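Beneath this line is the structure, given in structure tokens, with notes to follow.
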Protein chains: 2
Amino acid sequence: MTSTLGYAILAVLARGERTGYEIAAAMRRPVSYFWTARHSQIHAELQKLATGGLVAFDARHGPGPQDKKVYRLTAEGGDALRVWVTEPPRERPERDELVLKTYASWLADPGLVRRLFAEQLRVHEERLAEYEREEELFEGPPDPGDPRFGNYATLRCGLGYERHRAEWCRWMVAQLSASL
Amino acid sequence: MTSTLGYAILAVLARGERTGYEIAAAMRRPVSYFWTARHSQIHAELQKLATGGLVAFDARHGPGPQDKKVYRLTAEGGDALRVWVTEPPRERPERDELVLKTYASWLADPGLVRRLFAEQLRVHEERLAEYEREEELFEGPPDPGDPRFGNYATLRCGLGYERHRAEWCRWMVAQLSASL
DNA sequence: CCAGACTATGTCACTTCTGACATAGTCTGA
DNA sequence: TCAGACTATGTCAGAAGTGACATAGTCTGG
């Protein structure tokens, strides 16, 4: 019933109470890179979750025309999250624009394709460096029962991903250099 | 103007003429794992592309109530595709349900989380074996001007991705085993 | 000979996500 | 003191994607 975005919000609220604005910030890279949404979607989803009784909020005086709402997980919300966590994820279709461009790259000028991948390589190397800096803040993997284990494990995934991606870009650049 | 799905269809048609049905099949794993869509979306997009003059078709007698339509790339379609290929890809938000579950995994029973990752590990190892079998059909990387270069390069990406993913799952299983 | 798979195109309601618009208080540094 | 960034919530039109429904000919194996 609850959408994946709903569980993403519950997962953030499991760490402590937050406003919608703070949830949106928490879901942005590089802090917690797992599921992103615009604030417009988050506010809408929070309303659904509140209706369903999975979250609750206190309205407090805030900036802007409306009160600010500090959301927290309810007992039902916590239960729903815990059940969902260990269910197998549904297969999401892979939609990767760079891979698609690669598939069609034989049509284009190799010099331009090479430049595209050189740029992408730089992006991934920078992101990798950023993640490595963040990893140093941990002193080894936290215990699997510690909330920080979630952060560390997703960071590990990101590190592996960026390494794989950078390596692939390097391979592409090498292939395209050989043919020039 | 044209959506990414539109370019995905153009990229398939660049290899030769196809019916909508065949395009849908080509975009399914494991043959060409880059961008997927249901036939309902593909038929709708083909109509838009035809209206825009990027593809053309011949109607031929086919099964079912309608004629079958064999689509091909027009000169305009080819030009549009070639221009698009070397433009930097727009950043797509990362939405990975397994990573999200990982982020919330500290809440759940470690034994169940471990099982989840053991299952995922098996999935990735199987997919890796499948890709490796497919790689053997190539005798080294084709020339970057060869259409098969597109297939080979996307396969390389898939191989790297599955290796990274499997390694991460193995690490997760090890973490969760240590704590039992 | 017939069931079931495969080929083939299409519509439609619905969910998800994006990007723009709207509003307004607080805090910080030049 | 004033611009600009940050905090904060919301609406809405539209694009993108899903899953079910509808229809019907051909081909293959039991």
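All values reported here derive from a predicted model rather than from experimental measurement. Each chain gets a letter, A, B and so on, in the order its sequence line appears, and its residues count up from 1.
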Before you tell me yes or no, could you show the steps for B:Glu97 and A:Glu91 under side chain to side chain contact (heavy atoms under 4.5 Å, CB included), namely the whole-Å CA-CA distance, both residues' side-chain angles and the distance that decides it to 0.1 Å?
CA-CA 9 Å; B:Glu97 207 169 292; A:Glu91 282 286 319; over 6 Å; no
Side chain proximity check, A:Leu98 to B:Pro88, heavy atoms < 4.5 angstrom
no
Distance check needed: D:dT7 P versus A:Arg60 CZ, whole Å only.
17 Å
Can you pull out the residues from residues 42-56 of chain A that lie within a 4.0 Å heavy-atom distance of DNA chain D?
A:His43, A:Gln47
From CG of A:Asp67 across to P of D:dG10 the rounded distance in Å is 9 Å
Across the strands shown, which category fits A:Arg95 at heavy-atom distances under 4.0 angstrom: base, sugar-phosphate, nothing?
sugar-phosphate
Residue whose nearest DNA chain C nucleotide is more 5′ - B:Thr19 or A:Thr4
B:Thr19
Any side-chain heavy atom of B:Arg18 sitting closer than 4.5 Å to one from B:Val70?
no
At what distance, to the nearest 0.5 angstrom, does CG of A:Leu5 lie from OG1 of A:Thr36?
9.5 Å
Candidates C:dT9, D:dT9, D:dA16 - which lies nearest the side chain of B:Lys68
C:dT9
Within this structure, what is the CH2-to-C1' distance between B:Trp35 and D:dG17, rounded to whole angstrom?
11 Å
Could you tell me the separation between the OH atom of B:Tyr7 and the P atom of D:dA16, rounded to a whole number of Å?
12 Å
Rounded distance (Å) that lies between atom C1' of C:dA8 and atom CZ of B:Arg18
16 Å
Kindly calculate the angle separating the two end axes of the helix from C:dC1-D:dG30 to C:dA30-D:dT1, each obtained from five base pairs, and round it to 10 degrees.
40°
At what distance, to the nearest 0.5 angstrom, does CZ of B:Arg15 lie from CZ of B:Arg148?
10.5 Å
B:Gln41 has an atom CD; how far is it from atom C1' of D:dG17, in whole Å?
5 Å
Side chains of A:Trp84 and B:Leu100, heavy atoms from C-beta outward: is any pair under 4.5 Å?
yes
What string of B, S and - do you get for nucleotides 20-25 of chain C, 5' to 3', if B is base contact, S is sugar-phosphate-only contact and - is no contact with any protein heavy atom under 4.0 Å?
B--BBB
Using a 4.5 Å cut-off on heavy atoms from C-beta on, say whether the side chain of B:Tyr131 contacts that of B:Leu155.
yes
A:Lys69 side chain: which of C:dT9, D:dG10, C:dC17 is closest?
D:dG10
Would you indicate whether the side-chain heavy atoms of A:Met27 and A:Ile42 approach each other to under 4.5 Å?
yes
B:Arg38 side chain: which of C:dT9, D:dA8, D:dT18 is closest?
D:dT18
Calculate the interatomic distance between A:Glu22 atom CD and D:dT7 atom P; express it in whole Å.
8 Å
Do B:Tyr161 and A:His164 touch side chain to side chain, with heavy atoms closer than 4.5 Å?
yes
Polar side chain donor-acceptor pair, A:Ser177 to A:Arg114, under 3.5 angstrom
yes
I'd like to know whether the aromatic ring centres of A:Tyr7 and A:Trp35 sit less than 6.0 Å apart in this structure.
no
Compare all side-chain heavy atoms of B:Thr4 with those of B:Arg92 and state whether any distance is below 4.5 angstrom.
no
Atom-pair distance (CZ on B:Arg28; C1' on D:dT18), nearest Å:
15 Å
Would you say B:Tyr21 places a side-chain N or O within less than 4.0 Å of OP1 or OP2 belonging to C:dT7?
yes
